[in-house]
Amino acid sequence: MTLDQLRIFVAVAEASNMTRAAALLHLSQPAVSAAVAALEGRHGSRLFDRIGRRLELTSAGRLFLPEAKAVLAQAEQARQVLDDLSGLVRGEVRIAASQTVATYWLPRYLARFATARPGITLSMADGNTAQAASAVLVGDADLAVVEGRTDHPLLDVRTVGHDRLGLYAAIDHRLAGRPIGRAELLEAVWVMREPGSGTRDHFATVLPDHGLAIGDLDIRLELPSNGAVLAAVEGSAMIAPISDAAAAPRRKAGLIRRLDCVLPERNFSLLLHRERHRSRAVSSFLEFLETDPS
């Protein structure tokens with residue numbers, strides 16, 4: 001078994017298609033097929049089932065996938081150690097970020113760092129807070145920046161920024177202009193980000209101040225992105241907690257309004273695995289992120 005075979009297996013598993021995996025790896029489809037066949041033949045286990053035009057992992061493939069990823073992550077860590085020993089400030093920093101951070105806060109830091117450190121490649125994947133934390137835990141990301149809370153014992157958590165949530169509604173909503181208290185929160189019809197979202201989790205920590213829990217609210221709709229939530233608010237009688245930064249363009253355009261309810265500030269948190277080696281590239285980015293003044 002070779003590292004190239006493992007890389008090909010992981011790519012096929014994630015793309016669910018030989019042709020797409022080959023394109024991503026800049027290999028021919030026969031080369032990809034041969035690598036998968038060699039793994040299956042050598043170990044006598046079928047790793048994929050063909051369902052229509054898709055490839056789906058078998059039970060053996062599902063068990064093998066996290067092990068293959070772990071070996072590749074360990075190999076990458078070994079390469080980074082050798083780069084560090086040679087004193088080279090180059091490499092890659094893989095970042096996972098929750099949606100608000102990925103869209104409205106982190107890109108300016110990435111742009112300035114990329115300009116200052118041209119030898120270091122940056123990549124960012126977005127999702128919700130739970131997904132970003134999971135990426136660090138399994139080794140798919142070197143670090144994460146999220147707006148939600150996480151308390152996993154293997155994650156080192158540091159505050160690196162902050163923002164504020166607001167309650168938003170359509171411009172002519174019946175609660176507009178009224179102070180929002182417990183009665184109004186119970187009266188409202190809600191659209192929310194999905195469970196695992198930092199926005200939703202932070203709002204849930206605020207509700208006890210009003211004698212409520214998230215389950216007390218009339219949540220009619222759950223959506224997987226800030227943009228989808230804002231579009232639903234704009235075109236309905238529902239209200240939503242959302243980042244002021246995310247809501248700003250629609251608010252300035254007069255499409256939605258902020259209701260009269262003050263919510264406490266929330267922190268943006270940097271997540272690092274406590275037990276994994278940090279390359280010079282990752283350490284360089286961390287120093288930049290924690291000392292840059294803007």
Side-chain angles (χ1 to χ4, degrees), residues 96-105 126-137 144-155 157-159 161-170 173-247 250-251 256-271:
S98 52
Q99 283 189 17
T100 301
V101 171
T103 304
Y104 302 102
W105 187 81
D126 70 340
N128 61 34
T129 292
Q131 291 164 342
S134 177
V136 175
L137 288 168
V145 185
V146 300
E147 70 260 23
R149 298 177 61 187
T150 182
D151 57 0
H152 195 285
L154 288 177
L155 292 178
V157 182
R158 312 175 189 177
T159 299
H162 56 82
D163 80 339
R164 190 177 293 277
L165 296 187
L167 291 186
Y168 285 90
H173 196 278
R174 57 190 172 79
L175 292 178
R178 293 168 53 182
I180 304 297
R182 186 176 189 277
E184 288 74 24
L185 296 174
L186 287 171
E187 175 188 343
V189 176
W190 295 82
V191 53
M192 288 272 186
R193 285 287 307 278
E194 78 286 2
S197 153
T199 295
R200 180 179 179 133
D201 289 348
H202 180 72
F203 185 59
T205 67
V206 173
L207 287 172
D209 294 341
H210 299 276
L212 297 171
I214 197 81
D216 297 324
L217 304 182
D218 185 5
I219 301 172
R220 301 285 182 87
L221 187 59
E222 294 177 345
L223 295 171
S225 72
N226 293 332
V229 169
L230 288 164
V233 164
E234 179 186 335
S236 74
M238 291 185 283
I239 70 172
I242 207 79
S243 165
D244 285 343
R250 279 184 167 87
R251 186 182 183 187
I256 59 174
R257 65 186 300 163
R258 199 180 199 278
L259 298 179
D260 185 9
C261 183
V262 177
L263 301 178
E265 198 173 72
R266 65 175 177 174
N267 292 329
F268 293 154
S269 297
L270 171 69
L271 308 182

Problem set entry | Side chains of Asp126 and Thr103, donor plus acceptor under 3.5 Å | no

Exercise. Hey, is Arg258 close enough to Asp244 for a salt bridge, meaning N to O under 4.0 Å?
Worked result: yes

Exercise. Would you call Asp260 and Arg178 a salt bridge, taking side-chain N to carboxylate O under 4.0 Å as the test?
Worked result: no

Are any of the side-chain heavy atoms of [X] and [Y] separated by less than 4.5 Å?
X      : Y      : answer
Leu175 : Glu187 : yes
Leu185 : Leu207 : yes
Ser197 : Met192 : no
Asp163 : Tyr104 : no
Thr100 : Arg266 : yes
Leu223 : Ser225 : no

Atom pair [atom1] ([X]) and [atom2] ([Y]), whose distance is rounded to the nearest 0.5 Å:
X      : Y      : atom1 : atom2 : answer
Thr150 : Leu271 : OG1   : CG    : 6.0 Å
Arg149 : Asp201 : CZ    : CG    : 9.0 Å
Leu137 : Leu154 : CG    : CG    : 6.5 Å
Leu263 : Leu167 : CG    : CG    : 5.0 Å

For the student: nearest non-hydrogen atoms of [X] and [Y], plus distance:
X      : Y      : result
Glu222 : Pro195 : OE1-CD, 3.7 Å
Thr199 : Pro241 : CG2-O, 3.4 Å
Val191 : Ala232 : CG2-CB, 4.2 Å
Gly148 : Thr129 : N-OG1, 3.1 Å
Ala132 : Ala144 : O-CB, 3.8 Å
Ala246 : Leu230 : O-CD1, 3.3 Å

Exercise. For Arg158, which residues count as a salt bridge (Lys or Arg N to Asp or Glu O under 4.0 Å) partner, sequence neighbours excluded?
Worked result: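 Partners of Arg158 under the salt bridge (Lys or Arg N to Asp or Glu O under 4.0 Å) test: Asp156, Glu290.
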
Problem set entry | CA sep, side-chain torsions, deciding dist, call: Gln99, Ser243, side chain to side chain contact (heavy atoms under 4.5 Å, CB included) | CA-CA 10 Å; Gln99 283 189 17; Ser243 165; over 6 Å; no

Problem set entry | Worked check of side chain to side chain contact (heavy atoms under 4.5 Å, CB included) between Ile219 and Arg200 | CA-CA 12 Å; Ile219 301 172; Arg200 180 179 179 133; 4.1 Å; yes

For this session: Can you tell me which residue pairs pass the ring pair (Phe, Tyr, Trp, His ring centres under 6.0 Å) test with a partner in residues 196-242, sequence neighbours excluded?
Result: Trp190-Phe203

Using a 3.5 Å distance criterion without hydrogens, assess whether the side chain of [X] forms a donor-acceptor pair with backbone atoms of [Y].
X      : Y      : result
Ser98  : Val101 : no
Arg193 : Gly198 : no
Asn267 : Ser269 : no

Exercise. Taking everything shown except Asp209 itself, do over 12 heavy atoms lie less than 6.0 Å from its CG?
Worked result: yes

For this session: Please name all residues satisfying side chain to side chain donor-acceptor pair (under 3.5 Å) with Asp216, sequence neighbours left out, ordered by chain then number.
Result: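 In terms of side chain to side chain donor-acceptor pair (under 3.5 Å), with neighbours along the sequence ignored, Asp216 is linked to no residue.
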
